[in-house]
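Read the structure below first, then the notes.
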Protein chains: 2
Amino acid sequence: MKRKVTLKQIAKELDVSISTVSKSLRNSMEISEDTRQKVQAFAKLYNYKPNNIALSLKNKKTKTICIIIPEIIHHFFATVISGVEHVANENGYNVLVCLSDESFDKEVINMEMLANGSIDGFIMSLSKETQLKKDFHHITEVINQGMPVVMFDRITNEILCDKVIIDDSLAAFNATQYFIDKGFKKIALISTVDYVSVGKLRTEGYIKALKNSDLKVDENLILKIEDTENFEDSIANLLTNNEIDAVFAVNELFAVTAIKEAHKLGKKVPDDISVIGFTDGIISKYSSPSITTVSQNGVKMGGKAAKMLIERLEAEEEEEEQYRTEVIETELVERESTK
Amino acid sequence: MKRKVTLKQIAKELDVSISTVSKSLRNSMEISEDTRQKVQAFAKLYNYKPNNIALSLKNKKTKTICIIIPEIIHHFFATVISGVEHVANENGYNVLVCLSDESFDKEVINMEMLANGSIDGFIMSLSKETQLKKDFHHITEVINQGMPVVMFDRITNEILCDKVIIDDSLAAFNATQYFIDKGFKKIALISTVDYVSVGKLRTEGYIKALKNSDLKVDENLILKIEDTENFEDSIANLLTNNEIDAVFAVNELFAVTAIKEAHKLGKKVPDDISVIGFTDGIISKYSSPSITTVSQNGVKMGGKAAKMLIERLEAEEEEEEQYRTEVIETELVERESTK
DNA sequence: CTGAAAGCGCTTACAG
DNA sequence: CTGAAAGCGCTTACAG
């Protein structure tokens with residue numbers, strides 16, 4: 001086992017100073033052609049690579065960014081990571097992935113642990129618990145220390161920073177309008193509880209569309225799901241107890257479950273009930289019938305977030321404090337679950 | 001904006017030496033109760049946190065491990081990351097995620113870039129291209145430098161290191177046997193090309209099961225898919241040109257596509273054709289009919305891999321060179337696509 | 001053209 | 001009980 005070779009060792013072997021080796025390897029004009037050649041050849045032979053940690057300490061930057069997400073198993077978040085990765089790599093950055101597991105504490109611990117020099121900046125989507133508590137001190141603190149943060153998807157207006165979002169309300173409005181245009185009157189909504197920012201916004205869009213067309217907003221047709229497990233029964237109830245033409249669900253899981261429950265009740269999708277979901281993931285694509293959905297391009301969101309973060313990192317120190325919010329367009333992908 | 005406070009600054013403020021501050025914060029008995037109290041109070045007030053990079057340089061370890069995977073969008077790999085994350089976090093490690101995108105070059109670049117002090121060890125699953133080229137020099141090199149590597153899922157026997165796998169051949173054997181026990185004779189296989197290690201092993205298990213029951217191995221019933229796009233037609237052909245009772249697919253995507261194509265051809269699953277997939281992911285669970293599948297617990301595999309890596313990192317330096325290969329059990333999860 | 005020195009932020013063996 | 005010094009691996013302004 002040959003340990004990593006350092007400048008010091010090379011210097012010793014070649015009987016020159018460490019400075020000379022360092023400068024030679026960086027091709028400094030200060031050093032004679034001759035010495036440079038010699039040092040470079042030797043370094044190559046021993047496969048010298050500078051120690052990243054030493055460089056980080058010296059330069060006060062690590063070329064590493066961290067993305068904190070609630071869950072990696074959600075297809076959407078996986079696509080975001082993918083987008084972040086690619087843009088980061090193109091720019092010579094590495095990506096540290098942290099999972100908050102929807103827990104406030106884990107989010108705080110992760111941020112505090114990494115804010116001490118380990119990384120250059122954060123990209124994050126808030127955990128449910130954080131959104132519920134509305135406690136964002138950990139984020140403010142990091143920003144105050146001069147470390148840039150870019151939020152995406154699950155954001156808060158209480159923090160000033162760069163953000164990447166979709167227009168959740170508008171997307172929901174459009175999906176609902178799509179149903180209205182088809183002549184449906186009994187349009188149900190399956191959403192999350194209101195403290196989840198995107199759930200709330202999507203609910204607003206749905207209501208706005210109904211009102212806009214002078215349709216009655218029937219509270220019985222609005223289901224807000226708290227628990228991510230065992231929500232099948234709630235959905236079955238919704239479908240059983242109401243005459244429903246169409247269902248708009250704020251995520252894939254709710255959409256596919258609505259279809260399954262409808263089938264169990266002997267209702268056909270899309271013949272008896274049309275269904276639109278949210279997030280164009282793997283489920284929407286491969287379920288039978290495949291699901292019409294609001295596509296939310298995670299790769300693009302992640303890429304954009306990474307780009308914004310890196311731009312800020314590489315901007316001339318403390319330039320303007322102009323924070324931007326980028327809105328990624330969504331579109332309705334029509335598949336088999338609507339007609 | 002208040003910048004991070006350092007030992008130096010605290011020392012200056014309190015008019016003591018840096019050593020005294022450092023020792024006080026580490027609660028060294030060398031320092032008087034009095035001074036310790038004072039320093040600790042001050043540090044707390046200014047929210048001092050030691051700089052991780054400086055510690056890494058000093059300690060020659062970063063408490064960061066890297067996982068290199070071909071693709072994050074595959075549900076299986078996302079679950080592995082999740083498993084790695086949790087075990088790593090419990091042990092105070094962070095996780096850097098790198099994507100090879102199935103490319104040999106990206107795999108090499110990532111490893112070389114990180115092997116210089118940035119991380120303490122690797123967990124990896126080979127890219128397709130690496131498996132095809134059979135060039136593992138980048139991995140050997142890293143191991144020779146004394147950096148531990150744990151391989152999982154897509155591994156190679158040409159590298160000596162810790163490994164976490166499932167018994168792909170046995171799992172495929174069992175799945176095939178399940179069909180045989182039901183009395184099916186015309187059992188098709190949808191696999192990947194042979195250079196993908198797990199595809200090959202699963203194919204072997206399938207063949208073994210057939211031979212074991214004196215069933216003819218019909219090459220026409222074995223489809224090996226190279227391209228991950230546009231394989232629908234190949235599957236449709238397979239189903240059209242042969243009388244098939246059952247299909248064993250080596251991944252979810254092939255399984256769900258087989259079902260879709262069967263339906264298009266007017267064949268019902270499971271009434272006309274039974275289907276078993278591989279990897280118990282989101283597709284298998286939510287497709288209609290839901291898919292009977294060989295479950296391959298990614299969370300467990302990732303957790304195990306992380307555990308092995310961390311144990312090696314924390315073992316008394318160069319202990320025994322005893323490499324272990326852990327086999328994670330699989331099971332057949334019965335759902336609606338078989339009868 | 002080459003090298004000694006200082007410094008990034010920390011720890012720790014050693015002196016006093 | 002406190003502090004100066006050396007060191008982790010590197011870079012760079014400065015001297016010679």
Side-chain angles (χ1 to χ4, degrees), chain A residues 3-40 42-43 46-64 113-120 145-147, chain B residues 3-40 42-43 46-64 113-120 145-147:
Chain A
R3 280 266 160 208
K4 295 255 57 155
V5 56
T6 67
L7 288 190
K8 200 172 172 180
Q9 288 161 41
I10 299 182
K12 195 167 162 201
E13 290 293 327
L14 296 177
D15 211 31
V16 292
S17 75
I18 295 179
S19 336
T20 303
V21 176
S22 175
K23 287 175 193 159
S24 300
L25 292 176
R26 325 196 89 233
N27 239 321
S28 160
M29 279 314 155
E30 266 187 274
I31 305 295
S32 72
E33 177 69 24
D34 216 45
T35 317
R36 262 186 289 158
Q37 296 270 321
K38 195 177 61 180
V39 173
Q40 288 180 11
F42 191 90
Y46 281 83
N47 192 26
Y48 171 78
K49 296 271 169 47
N51 179 304
N52 290 325
I53 295 293
L55 287 178
S56 295
L57 183 59
K58 184 80 189 154
N59 302 332
K60 309 261 223 157
K61 50 178 127 178
T62 61
K63 287 285 197 170
T64 301
M113 184 157 148
L114 293 170
N116 303 292
S118 300
I119 60 153
D120 296 343
Q145 278 169 204
M147 182 168 285
Chain B
R3 282 265 159 208
K4 295 255 56 154
V5 56
T6 66
L7 288 190
K8 201 173 172 179
Q9 288 161 42
I10 298 182
K12 196 167 162 201
E13 290 293 327
L14 295 178
D15 210 32
V16 291
S17 76
I18 295 179
S19 335
T20 303
V21 176
S22 175
K23 287 175 193 158
S24 300
L25 292 176
R26 324 196 91 233
N27 239 321
S28 160
M29 279 313 155
E30 268 187 273
I31 306 292
S32 72
E33 175 69 26
D34 216 46
T35 317
R36 262 187 288 157
Q37 296 271 320
K38 194 176 61 181
V39 173
Q40 288 180 11
F42 192 90
Y46 281 82
N47 193 23
Y48 170 79
K49 296 271 169 48
N51 179 303
N52 290 326
I53 296 293
L55 287 179
S56 295
L57 183 59
K58 184 78 190 156
N59 302 332
K60 309 261 222 156
K61 52 178 124 175
T62 60
K63 287 284 196 171
T64 301
M113 184 157 149
L114 293 169
N116 303 291
S118 300
I119 59 153
D120 296 342
Q145 279 170 204
M147 182 168 285

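Worth knowing before you read on, the calculation uses all heavy atoms, side chains too, and leaves out hydrogens, waters and symmetry mates. Fair warning: this is a prediction, and the values are worked out from it, not measured in the lab. Each chain gets a letter, A, B and so on, in the order its sequence line appears, and its residues count up from 1.
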- Item | Worked verdict on B:L14 versus B:T20 for side chain to side chain contact (heavy atoms under 4.5 Å, CB included) | CA-CA 10 Å; B:L14 295 178; B:T20 303; over 6 Å; no
- State whether B:R26 places a side-chain N or O below 4.0 Å from either non-bridging phosphate oxygen (OP1 or OP2) of C:dT12. yes
- Task: Search all heavy atoms of B:I31 against all heavy atoms of B:S24 and return the closest pair with its distance.
- Result: CG2-OG, 3.6 Å
- Query: Roughly how many Å is it from NZ in A:K49 to P in D:dC10, rounded to a whole number?
  - Reply: 13 Å
- Message: I want to check something: taking the side chain as every heavy atom from C-beta on, are A:L7 and A:L25 in contact at a cut-off of under 4.5 Å?
- Response: yes
- Query: Do the side chains of A:N27 and A:Q40 get nearer than 4.5 Å, heavy atoms only?
  - Reply: yes
- Task: Mind calculating the distance between CG (A:N27) and P (D:dT11) to the nearest angstrom?
- Result: 13 Å
- If you measure from the C1' atom in C:dT2 to the same atom in D:dC8, how many Å do you get, rounded? 25 Å
- Query: Does B:M113 offer a backbone N or O that forms a donor-acceptor pair with the side chain of A:N52 under 3.5 Å?
  - Reply: yes
- Determine: side-chain N/O of B:Y48 to OP1/OP2 of C:dC10, distance under 4.0 Å, yes or no. yes
- Query: Dot-bracket for DNA chain C, 5' to 3', with Watson-Crick and G-U pairs under 3.5 Å, [ ] for crossing pairs and | for other-strand pairs: what is it?
  - Reply: |||.||||||||.|||
- Task: Classify the side chain of B:K58 and the base of D:dG7 as holding, or not holding, a donor-acceptor pair under 3.5 Å.
- Result: yes
- Item | Atom pair distance, as rounded to whole Å: CG in B:N51 and C1' in C:dG9 | 6 Å
- Query: Okay, side chain of A:N51, backbone of A:I53: is any donor-acceptor separation there less than 3.5 Å?
  - Reply: yes
- Note on the structure: In whole angstroms, the gap separating C1' of D:dA13 from CD of A:E30 amounts to 9 Å
- In this structure, OG1 of B:T62 is separated from CD1 of B:I119 (nearest 0.5 Å) by 7.0 Å
- Ignoring hydrogens and angles, answer whether the base of D:dG3 and the side-chain atoms of B:K23 contain a donor-acceptor pair closer than 3.5 Å. yes
- What is the nucleic acid contact for A:L55, judged by heavy atoms within less than 4.0 Å: base, sugar-phosphate only, or nothing? sugar-phosphate
- Item | Stretch residues 7-18 of chain A: residues that reach within less than 4.0 Å of DNA chain C through a heavy atom | A:V16, A:S17
- Task: Answer with base, sugar-phosphate or nothing: what part of the nucleic acid does A:T6 contact at a heavy-atom distance below 4.0 Å?
- Result: sugar-phosphate
- Task: For A:A54 and for B:T35, locate the closest nucleotide of DNA chain D by heavy-atom distance; then report the residue assigned to the nucleotide nearer the 5' terminus.
- Result: B:T35
- Item | Short side-chain N/O contact from B:S22 to OP1 or OP2 of C:dC10, under 4.0 Å | no
- Message: Please confirm whether the shortest side-chain N or O distance from A:S32 to OP1 or OP2 of C:dT2 is below 4.0 Å.
- Response: yes
- Going through the distances and angles, do B:Q9 and B:E13 end up as a side chain to side chain donor-acceptor pair (under 3.5 Å)? CA-CA 6 Å; B:Q9 288 161 42; B:E13 290 293 327; over 6 Å; no
- Task: Working to the nearest 0.5 Å, report the span between CD of A:E30 and CZ of A:R36.
- Result: 10.5 Å
- Message: By the 4.0 Å heavy-atom rule, please label A:K60 as base, sugar-phosphate, or nothing.
- Response: sugar-phosphate
- Query: Taking atom P of D:dT11 as reference, at what distance in whole Å does atom CD1 of A:I31 sit?
  - Reply: 13 Å
- A:I10 side, atom CD1; A:K38 side, atom NZ - distance, nearest 0.5 Å: 12.0 Å
- Message: What is the distance, to the nearest angstrom, from the CG atom on B:L25 to the P atom on C:dG9?
- Response: 16 Å
- Message: Measure CD1/A:I53 against P/D:dT11 and give the value in whole Å, please.
- Response: 14 Å
- Message: Restricting to non-hydrogen atoms, name the atom on B:V5 and the atom on B:Y46 that form the minimum distance, rounded to 0.1 Å.
- Response: CG1-O, 3.5 Å
- side-chain N/O A:T20 vs C:dG3 OP1/OP2, d < 4.0 Å: yes
- Between B:E33 (CD) and D:dC1 (P), how many Å, whole number? 9 Å
- Note on the structure: Picking from D:dC8, C:dA5, D:dC10, the nucleotide nearest the side-chain atoms of A:S19 would be C:dA5
- Ranking B:R36 and B:N59 by the position along DNA chain D of their nearest nucleotide, the one closer to 5' is B:R36
- Quantified in whole Å, what is the P atom distance between nucleotide D:dC1 and nucleotide C:dG9? 30 Å
